[in-house]
Amino acid sequence: MTGDTVLDIAGLRVGFPRGGEVLHGVDLRVAAGECVAVVGGSGAGKSVLARTLVGLAGEGARADVRADRFTLLGRDATAFTERAWRAARGRDVGLVLQDALGSLDPLRTVGAEVAEALQVRRSLDRATTADRVRAALADAGLDQPEVRARQRSGDLSGGMRQRALIASAVVARPPLLVADEPTTALDATVAARVLDLLARLRDEGTAVVLVTHDLGAVARVADRVVVLRDGVVVEEGLTAALLAAPREEYTRALVDAARLADGPGDVPAAGAPVLTGTGLRRTFPLPGGARVTAVDGVDLTVHAGEAVGLVGESGSGKTTLARMLLAADTPDAGQVLLDGGPWSARPERDRRPARAGVRLVPQDPLGTVDPRLTVRSVLHDALRTAPHPPARADRDAAATALLAAVHLPADVLDRRPRTLSGGQRQRVAIARALASEPRVLLLDEPVSALDVQVQAAVLDLLVELRRTRGVAMVLVSHDLGVVRRVCDRVLVMSGGRVVEEGPVADVLSAPTHAVTRALVAARGI
Amino acid sequence: MSVTTAGTRRVGLALRGLGVPGVLAALAVLGMAVAVLRPGLIAPGDPNAIDPRAGFAEPGAAHWFGTDESGRDVWTRVVHGAAASLGIGAAATAIGVGAGLVLGLAAGLGPRWLDAAVSRVLEVLFALPTLVLALLLVAVLGAGVEASVIAVGAATAPGYARMLRARVRSVATSGYVEAARMEGHGPVRVLLRHVLPNTLWPLVSVATLGVGQAVVWVCALSFLGLGTLPPAPEWGAMLNAGRVYIESAWWLTVFPGLAITVTAAALTVLGRRVGQVAA
Amino acid sequence: MRLPWVRWLLGRLVSALLVAWVVATVVFFALRAAGGDPTEAILGGPGSQAGPDAVAQARAQYGLDQPLVVQYLVQIGRVLTLDLGDSYARKVPVADLLLAQLPGTMLLAVLALALAWVLALAVATAAVRARGPVGRACAAALRGVEVVAAVVPHFWLGAVLIVVFSSTLGWFPATSSGTDLAGLVLPTVTLTVPVAGFLGQVMRDSLTEAAAAPFATSARARGASPTRVLWRHTLRHGVLPAVALSGWAFGSLLSGAVVVETLFGRPGLGRLLLDATMQRDVPVVVGAVVVVAVVYVLVMLLVDVVERLLDPRLRAVTDAAPVPRAGEPAVLG
Amino acid sequence: TGGADDDASTSTVEGGTLVYATGDAEPTCLDPHVGGNYPQALISTQYLEPLVGRDADGTILPWLATAWTVSEDGLTWDFTLADDVTFTDGTPFDAEAVAANVAHLQDPDTGSSTGYLAVQKVASVEAVDATHARFHLTEPDSALLESMSQQWTAMQSPAGIERGADANCAEPIGTGPFVVDEWVPQQQVVLVRNEDYVSRDPQAENAGPAHLEEIVWRFIPDAATRYAALRSGEVQVIDNPQPDTIAAAADEGGDITHVDAPRPGSVNRIELNSAQPPFDDVRVREAFVRAADPDPGIETLFAGTTARSFSPLSSVEPTAYADESLFGTDVDAADELLDAAGWTERDADGYRTRDGERLTVRFPVSTNQSVAAEQSLFEQIQANAKVVGFDVVLTPLDLSGWYAALGAHEYEAVSAPYTKVGPDVLRILYHSDGTVPAPSGYFANHAGITDPALDALLDQASASSDEAERADLYAQAQQIVLEGYYVLPLYDQQNHFLTRGVTGMRTLDTVSTPTFLDARLAG
Ligand SMILES: Nc1ncnc2c1ncn2[C@@H]1O[C@H](COP(=O)(O)OP(=O)(O)OP(=O)(O)O)[C@@H](O)[C@H]1O
Ligand SMILES: Nc1ncnc2c1ncn2[C@@H]1O[C@H](COP(=O)(O)OP(=O)(O)OP(=O)(O)O)[C@@H](O)[C@H]1O
Ligand SMILES: [Mg+2]
Ligand SMILES: [Mg+2]
């Protein structure tokens, strides 16, 4: 099924004047019709490798690229001048950048962006160009390509942008396509369709380099896998074999992390209802007077010590529901009860004392921390709200204990959240939420931004919290694997409604609703 | 990549982090600090000591920056003038920032009608260029140094107020303020601990920039005959008094002007650095 | 142009008129509060030795014997009918005075803004494209120049330029009237330098940011040349903040005009305003300030329009009809 | 007569446009009858002519009036007028015109101040016949001719006056060598040659129309800009040059010519307010004067372009009386005088006090009327006076504020520019009548002198038409003013011009305004 070698690299070293060498001798071969996945943890050098393949190692900045062998379509790329690279880009090799949301110029139409790869060669007339653009957009799976071509990236959803971006990379039909994390920002069902698109391109003869940390994606489309760690290839092999029996410790860790354990295991039994939402409804105004219904008549009960999963595709109302449960947002209809008493209906002043019992771990922890404060101050503030706040002198000890509970060292205390890694931030957010000894934790996509290893560690932590503290949880995610790892029950949302509900195992093994089925299929469970 | 030893690289990185302008600005600010706090250290003379017979001496060994029309030493006056000029700039900026703060906070935190009212007022004031507004205020208040300080302060206030209002709004609706409220902290604590500090912190950088600008505006008023007369050594006054002799005694114009420009530039660079730290 | 646009524009124009009205009100009362009997201005300035009859007559003639509110209403009525009354000091219609002075000042301000843009663009694009140690050093030096340029006081720069280029070298005339080109050089340059420095800094920052944005890398990855990336992608992003700030810059040019017109002996709105303020010539001050405010608000409006032309993201605010965000088609069912 | 030296070697041309750049304020009205300030006199010299002229000795010369006689009682003046003069609008110049002009000056609607004062004592003007005008006075006025020689009382076409104030302000019609053609506010006034001009100017060389075709009268407030414009050849004449540029032009020996034409009447002085403490005590006044020590400053600041004065009157006034001995700087004497006057204590800042009150001298400075060098001189006086314990508070004020401060008597020292032609200015400035404010609040006797002896001398001089007697009376009056230390004379009221590429510019010996009747551009 593979054809001629399209890309052949040996001993690739890439360094930066400020930051030193990032890739220390990487080998990579890709043939036509083959998809090679490059996987590795964050900072392994995957994106640098991807950019190097199109001669943009430094993103316009200076970079020092050396290779024993670097042939692109049979030509020696080490000798390429900038002009030669420019000619090759788009025509010989297309790149889909990691940051899909920012990779289309927001001021230009999608059509203009896609057409650019054709226009820079000036070989086609306008009509042909327009046809090719439309075809590329349609090929990429966008409906109404003519309309989309006239829209700008701001008018498109994330998944559509990602597909438009792929269209712009393949419109000139390059024999080699490099896709850097094309699915990270997308929810599972959309990600699945983007991966299908890549698979189709591969089947049509394009050589594909897929850079990702998502082993699920690798399993779906890649023929071979290259495992990168700190700029060195530690393992390489056919996908199935490598995932089934990783030789290297690092690879095994990656694979293990991706294969989340099945269920929380032994946890305390559920108790009385803590949070109860009945008939919850929330609409938002749209510019121009119309209203969008984000949550539409949802009933939900969380019992003490129980973990409820909330899944659904993007925009289905999960965050809105979680915010109403927190009473950060007031429902238009229905109400939320805490311990059987009114919660959403009470004025904020009355709610304040009870807030210690209900905590939210936000999707974006960075945005919810005052940028001026250190972790110490954040935790101290949180500790003050506990039902039995520690004395001033004991706060440091308490904060250190909280960090220990989320497996963070005490030296994190004096850092600002901005200087922490994503996984560390997420754990600080959890520690902050735990400070007031809440009975209910609302977790909004707590792991979707993290790489697999960190994700696994955070989920382990959640399970541990259930086990040791009996904290009830509402876990919002679009990833069924995550829900299965932590939760007992799952609610599937679509268009603001709960379309399916039940014990996790039942729903996953026998999904009844189409949305659930799509989610299950996307996850590949 | 060129091979460099770790040591020189570290020095290089530190310098590059500051940048050439940063280093120069830091030096200039250092010099200004000395001039403000201990002018006698670098210019021991009396800035107001006249010696009419020694007037219009060219810059030289005896008088580094020459002497002015009354025989006063320009270097001494420039150095001793730092406190006055920066004081004027700081005072005008303080007025501007203070008024802007009140308006901006009222609009940003107050009820909707107050916001609407204040926003309209700001729109009107903003529709007048700074100097035009300052000119009108001086017409109302009468010329003089206090009046021009107040005028420049008031004329720059709308800009600060607009900035603050936007800033307050964005901070008040930020995720971390909501998070603090959801954590059960009361409104007063949220205001004091999060909203105010995060609103005011960027102001440090803006105000630093503003001091330099204010010095220039106040000098512009002096130029238009609405500011101050010497003999108080104040750069704007010196410049405007010296400017009429520009044909025969360029140093009377050039040195105070340089002092203003260098100060404003250094404060700008510094303000931007602070802004970067604040961001 | 679609209807929502028109409505938006009309709304802005109405609010411009409102601003003008409030400005006129504020200025009127401020000046009257400032003291200094306007009769003085009418009768030949302070210290004029007019007799009581003359004073009384002048007061009657100019309506100064009416209650202040009536005077105010008359003044506003005049502003509304575009007849701004007669100058106290010059005894000619204010509208004529303003009309005569407006073009010169506008010419100066527009020329200066245009020149500032050209300079700022040249410096910013050169800085972004600078390569190699020498290029980088030059770019860094230019950054310093920009910072200094942005803060250099008009009156100082103008005075130095006059001595160097007019008095000593004799290249350009020190004074200028109206539209003679050689005479415009020095005043324009004087006005331009600070604005160019300011715009240059803004533009360079935003251009640098845009050049590092993923969409620029994407464009490069499609084979676009640096020139194409600059012109088709980053430049638009780079100039947007500068466009947004051009309204403000124009305001600072009007401020600068007060200084520059006095310095170069150029007739113009700024100098008229300065003189009238000194003379307590209320109708002229009110008129001039209203004109400045209206011009400024219109320029701001123009800036908004240009910004919207350049940045489609802003148009959503303008269009009353919502542009529904295309969502993912529902998965199934 | 100050005049640009005609350099024989430079060739000149007929015709052409001369550009004159003035640093004085732009007049709000080109008719000098209205208001009446120096800028109006400057420009109106080009298009309006007075009844009589005056030479450097103070002798009155015929101009539009060819002869005059005064009655024995001094109450009736008969002027014989030139019979062949017409205004540029064709109206003949005759006795009716003179009557109309005086009436115009006296009409409250005109809003005249300088001219109004000049003809204050004129009850009526009778047109005896076309060429004879008879002035009837309410009381004798020996200064009438001097008053009528000023540009502020120059003759205008009655038909022009008839057009109303607005038209007449924009385009006054006279008999002068030039005609107002166009006035672009804030920019310039264009004056074109009066082709039919026949010179009556007693000092003119040129009998016919002017050599220049056109004068562009530009308003350039900034002195440095004006000088730059002169050097770069944009303009040919500038007024109010900076002293250093005058000196530089002289040193360079280039083609720039300096014309020094001090204004007549009063000298530039600081008046000490004797109407209120502390200057109600002559010892304190003398102490101030003895401590001020302005000489070195005048030398440096004015770069040798003017000399120290010791008289209340300008050096161009033949009747000026000076006494240098009164003004010698003597710090010790000043200290003793102040001690004697009871100002014995010194406060922490080194200023003298008496009964806990500081020896403060409020000195409002009109920024519009005071040039930079003068303001610097005041600062030096401030520094010098501090040595003996005076706290001189210099307050820069715009014109309104300055007049307001004077009107409220919130000053102890002031420098006011008021002047007029002839020694009669002493009466305006130092007669006790001058302490009573006019309706507008203005009063000219800033020193607050109310000395009956002085009043008597001034009244007598005003009534006397005997030159010798007048001179003697004025000398006595000046002596009183000087010995009372009411004023600190500084130097002549400065009036300089720099010219380049032009010859034949003269200044009149009335109020020292330049005339371009004889001027030619360099070829
Ligand atoms: N232009 C550059 N200059 C200096 N260092 C760089 C540059 N680009 C990347 N690096 C460094 O190279 C290393 C690898 O970065 P890279 O973006 O390739 O990681 P990655 O494997 O893609 O990680 P992630 O999964 O987080 O995207 C990082 O340490 C990064 O800081
Ligand atoms: N503040 C708001 N104003 C207007 N519309 C909103 C607002 N918040 C949410 N919406 C809309 O409500 C709907 C549900 O949004 P919500 O954030 O709850 O979805 P979600 O399921 O959390 O999606 P995601 O997986 O992308 O986070 C969306 O159509 C969204 O555009
Ligand atoms: Mg990456
Ligand atoms: Mg969400």
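Just so you know, these numbers use all the heavy atoms, side chains as well, and skip hydrogens, waters and symmetry mates. Chain letters run A, B, ... following the sequence lines, proteins first, then strands; residues in each count from 1.
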Among [options], which residue forms the greatest number of heavy-atom pairs with chain B at distances under 4.5 Å?
{"options": "Ala141(C), Ala150(C), Gly251(C)", "answer": "Gly251(C)"}
{"options": "Leu157(C), Val163(C), Val285(C), Val160(C)", "answer": "Val163(C)"}
{"options": "Val289(C), Thr262(C), Val148(C)", "answer": "Val289(C)"}
{"options": "Val259(C), Val297(C), Val294(C), Leu253(C)", "answer": "Val259(C)"}

Self-check item: Region of Asp275(C) that comes under 4.5 Å of a non-hydrogen atom in chain B
Solution: neither

Quiz prompt | Max heavy-atom pair count under 4.5 Å with chain C, selected residue of Thr268(B), Val215(B), Val132(B), Leu135(B) | solution = Leu135(B)

Quiz item: If you tally heavy-atom pairs under 4.5 Å against chain C, which of Leu133(B), Leu258(B), Ile260(B) wins?
Solution: Leu258(B)

Quiz item: To the nearest 0.5 Å, how far apart are CZ in Phe198(C) and CD in Gln213(B)?
Solution: 9.0 Å

Self-check item: Pairwise distance OG1(Thr130(B)) to CG(Leu254(C)) - rounded to 0.5 angstrom
Solution: 10.5 Å

Quiz item: By a 4.5 Å heavy-atom criterion (distance strictly below it), what part of Trp217(B) contacts chain C: side chain, backbone, both, or neither?
Solution: side chain

Quiz item: Does any heavy atom of chain C fall under 4.5 Å from the side chain of Leu267(B), the backbone, both, or neither of them?
Solution: neither

Taking the side chain as everything from C-beta on, heavy atoms only, tell me whether [X] gets closer than 4.5 Å to [Y].
{"X": "Leu239(B)", "Y": "Phe155(C)", "answer": "yes"}
{"X": "Leu263(C)", "Y": "Arg243(B)", "answer": "yes"}
{"X": "Trp156(C)", "Y": "Thr261(B)", "answer": "yes"}

Quiz item: More than 12 foreign heavy atoms under 6.0 Å from CZ of Arg167(B): is that the case here?
Solution: yes

Quiz prompt | Minimum-distance pair of heavy atoms, taken over all atoms of Val151(C) and Ala264(B) | solution = CB-CB, 3.5 Å

